[in-house]
Structure formats: C-alpha cells, structure tokens
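Quick caveat, the model's predicted, so the values are computed rather than measured.
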Amino acid sequence: SVGEIMTYTNPLLLRDADQMSMAHALEVRLPFFDPELVDYVLRIPDHLKTRAGRPKALLVDALRPLLPDDID
C-alpha cells in the first residue's frame with residue numbers, strides 16, 4: 001500500500017539496505033522500485049495480483065518468456 005511505502009519501505013528498509021550494502025562494498029539495485037512502476041502496480045486491483053496461492057502470479061506471468069518452465 002502507499003502508506004507502507006511511505007512510512008516503512010522508503011524511510012526504513014531502503015535506508016537500511018543502502019547502509020548494509022555500503023558497509024560490505026556491495027551495490028544494491030532495486031529495479032522493481034521505479035516510481036512509475038510502483039504507481040502503476042498500486043493501481044492494479046489486488047485480485048489480479050495474486051491467484052490460487054501464487055502471491056507473485058502477476059510478476060511471474062509478466063516475466064514468463066524469460067523464466068525457466070519449472071518456475072510457476
């Protein structure tokens with residue numbers, strides 16, 4: 001949700017991930033945290049995001065051509 005992104009993910013998780021990665025000389029990339037992508041996905045109804053016990057169904061289906069067949 002937008003509230004979770006604004007109050008937990010952005011100020012806490014991203015900051016901590018940045019600090020921990022820098023402490024170990026790692027570069028962390030967050031390709032799915034692009035503001036336009038986040039805005040788009042937040043507008044998708046929840047029932048389309050998860051199906052039949054597949055919490056990442058929308059993501060897996062979107063990446064289907066790039067994934068091995070055994071990933072579902």
Quick one: salt bridge (Lys or Arg N to Asp or Glu O under 4.0 Å) partners of Arg15, sequence neighbours excluded? none
Under the rule for salt bridge (Lys or Arg N to Asp or Glu O under 4.0 Å), what residues qualify as partners of Asp46, not counting sequence neighbours? Lys49
Could you list the donor-acceptor pairs under 3.5 angstrom formed by side chains in residues 17-28, with sequence neighbours left out?
| unit_1 | atom_1 | unit_2 | atom_2 | d |
| --- | --- | --- | --- | --- |
| Ser21 | OG | Ala17 | O | 3.0 |
| Ser21 | OG | Asp18 | O | 3.0 |

Which ILVMFWY residues can you reach from Tyr40 by hopping between side chains whose heavy atoms are under 4.5 Å apart? Phe32, Leu37, Val41, Ile44, Leu48, Leu58, Leu59, Val60, Leu63, Leu66, Leu67, Ile71
Check Phe33 against Leu14 and note the closest heavy-atom contact, atom names and distance. CE2-CD1, 3.3 Å
Go through the structure and list residues passing side-chain hydrogen bond (donor to acceptor under 3.5 Å, both in side chains) with Asp61, not counting sequence neighbours. Arg51, Arg54
Sequence neighbours left out, what passes side-chain hydrogen bond (donor to acceptor under 3.5 Å, both in side chains) with Arg43? Give chain and number order. Asp39
